[in-house]
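Scroll down for the structure; my scribbles are underneath it.
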2 protein chains.
Amino acid sequence: MPTRSTDLGLALSEVEVPRGFGRGPRWWCANFQDAGFRITLPRQAILEALTNNSTKHLSAEEIYFEVHKRYPGVGLTTVYRTLEILVNMGLVFRFDFGDGKSRYELLQGPNAVTHHHHLVCTNCGRVIDYTEFIEQEKGLLDKIEKVLSEKYKFNIKSHQIQFSGLCEKCK
Amino acid sequence: MPTRSTDLGLALSEVEVPRGFGRGPRWWCANFQDAGFRITLPRQAILEALTNNSTKHLSAEEIYFEVHKRYPGVGLTTVYRTLEILVNMGLVFRFDFGDGKSRYELLQGPNAVTHHHHLVCTNCGRVIDYTEFIEQEKGLLDKIEKVLSEKYKFNIKSHQIQFSGLCEKCK
DNA sequence: TCAGTAATTGAAAATGATTTCCATTATCAA
DNA sequence: TTGATAATGGAAATCATTTTCAATTACTGA
């Protein structure tokens with residue numbers, strides 16, 4: 001049985017790897033070790049949760065609940081700490097839709113979402129990931145990124161476009 | 001003397017109106033009254049502070065300090081309440097650069113900034129308002145806004161573009 | 001001009017997301 | 001296997017923002 005347990009009452013199962021992706025469930029291990037971080041069970045659990053929910057915009061607490069389903073020993077503090085590491089490493093992007101809590105999305109990995117363009121209702125908080133104009137946006141954004149990187153000496157890691165307004169119900 | 005005082009110890013001075021702008025210091029009064037809100041001294045002070053600092057990205061507390069210089073009787077609670085009204089009316093835009101506090105910028109009025117495109121350092125929090133590519137961005141964004149408004153039945157009020165990364169010092 | 005009335009206010013308390021503290025536990029290089 | 005040290009979880013602390021509430025104020029109609 002591909003399960004092992006620890007004193008904390010955690011259990012790590014093997015993750016199903018979708019066919020067609022070049023990188024397995026532990027694609028991030030090299031990132032961690034190169035940066036001097038250790039591979040721990042809580043971190044594996046958190047990355048598993050992020051990978052399995054890459055199309056959602058989970059908050060830290062929602063990630064905690066998600067992790068908690070399978071690894072009840074992992075604490076909310078560790079979720080926050082791990083997310084900070086992941087954001088700093090550029091593996092995860094932190095969004096803010098104005099509802100007072102940060103939201104997180106995988107930037108790299110087997111289920112990474114690469115397009116972070118949103119339509120946000122400022123009243124009810126509904127978020128739509130729109131995928132129209134990807135190509136046109138990409139062309140312009142790449143050009144802008146190149147120019148800004150050089151002019152302002154920034155090492156640009158990501159970008160976002162956000163339209164805000166009122167959705168049909170809230171108008 | 002163009003100053004009057006109240007029981008709260010407030011003092012409202014006349015505001016210098018820059019020549020060349022079509023709208024005076026009270027351009028927002030109609031917005032407030034049409035929406036059923038009253039014109040009060042604290043609200044005048046807060047709009048004055050926003051107008052005089054339109055190129056900065058002030059937090060609620062910074063706006064409070066700014067207001068406090070001339071109107072020491074105005075409380076932080078009122079600053080928050082007024083900002084919420086202004087954001088809902090579309091006169092002010094609320095940003096979040098990831099440092100845990102919201103930032104506010106005038107969308108309308110004599111000193112309004114219309115271009116909300118930023119380059120943010122995720123380490124030190126430095127924010128650069130870049131003005132390159134305004135025309136090209138505008139063309140594409142207007143087109144996207146039109147299509148998204150119709151498709152998703154949104155009443156879009158504003159947009160933002162944000163590039164995140166590390167500045168020269170933090171690399 | 002002058003109340004009457006409901007909106008607005010400031011201070012203090014409450015809230016809620018995130019961080020810090022610290023004693024315990026787990027990872028991994030030697 | 002072991003020891004140094006990184007990582008952990010729970011509790012407490014922090015900090016931005018919101019709520020509560022009694023006092024004050026702005027605007028309405030007389």
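Only this structure's heavy atoms are used, side chains among them; waters, hydrogens and symmetry mates stay out. Numbers restart at 1 for each chain; the letters A, B, ... are given by sequence-line order, proteins then strands.
Across the protein-nucleic acid pair, B:Glu62 atom CD and D:dA16 atom P stand 10 Å apart, rounded to whole Å. The distance between atom OH of B:Tyr104 and atom P of D:dA16, rounded to the nearest whole Å, is 12 Å. Nucleotide D:dA26 holds its P atom 7 Å from the CG atom of B:Leu41, rounded to whole Å. Distance B:Arg26 CZ to D:dA26 P: 12 Å, rounded to the nearest Å. With rounding to whole Å, B:Phe65 atom CZ is found 10 Å from D:dA16 atom P. Summarising the geometry, the separation between CD on A:Gln33 and C1' on C:dT27 is reported as 10 Å, rounded to the nearest angstrom. The distance between atom CZ of B:Arg38 and atom C1' of C:dG4, rounded to the nearest whole Å, is 11 Å. If you take CG of B:Leu76 and P of D:dC15, they are 15 Å apart, rounded to a whole angstrom.
Distances shown here put a side-chain N or O of B:Tyr80 below 4.0 Å from the OP1 or OP2 atom of D:dT17. For C:dT9, the OP1/OP2 oxygens have a side-chain nitrogen or oxygen of B:Thr40 closer than 4.0 Å.
Where A:Tyr64 and B:Lys101 each meet DNA chain D at their nearest nucleotide, the meeting point lying more 5' is that of A:Tyr64. When each of B:Thr77 and B:Gly36 is assigned the nucleotide of DNA chain C bearing its nearest heavy atom, the one mapping closer to the 5' terminus is B:Gly36. Nearest-nucleotide positions on DNA chain D place B:Arg94 closer to the 5' end than the other of B:Ile39 and B:Arg94.
Checking A:Tyr152 against B:Glu132 by side-chain atom types alone, a donor-acceptor pair falls below 3.5 Å.
Residue B:Ser102 is classed as a sugar-phosphate contact, given heavy-atom separations below 4.0 Å to backbone atoms only. A:Arg81 comes within 4.0 angstrom of a base, heavy atoms only.
Two rings, from A:His117 and A:His159, have their centers less than 6.0 Å apart.
Atoms CD and CG, from A:Gln160 and A:Leu141 in turn, are 11.5 Å apart once rounded to the nearest 0.5 Å.
Here A:Arg70 pairs with A:Glu48 in a salt bridge; the nearest charged N to carboxylate O distance falls below 4.0 Å.
With A:Val67 as the fixed residue, the side-chain contact (heavy atoms from CB on, under 4.5 Å) test singles out one of A:Thr82, A:Val74, A:Leu47: A:Val74.
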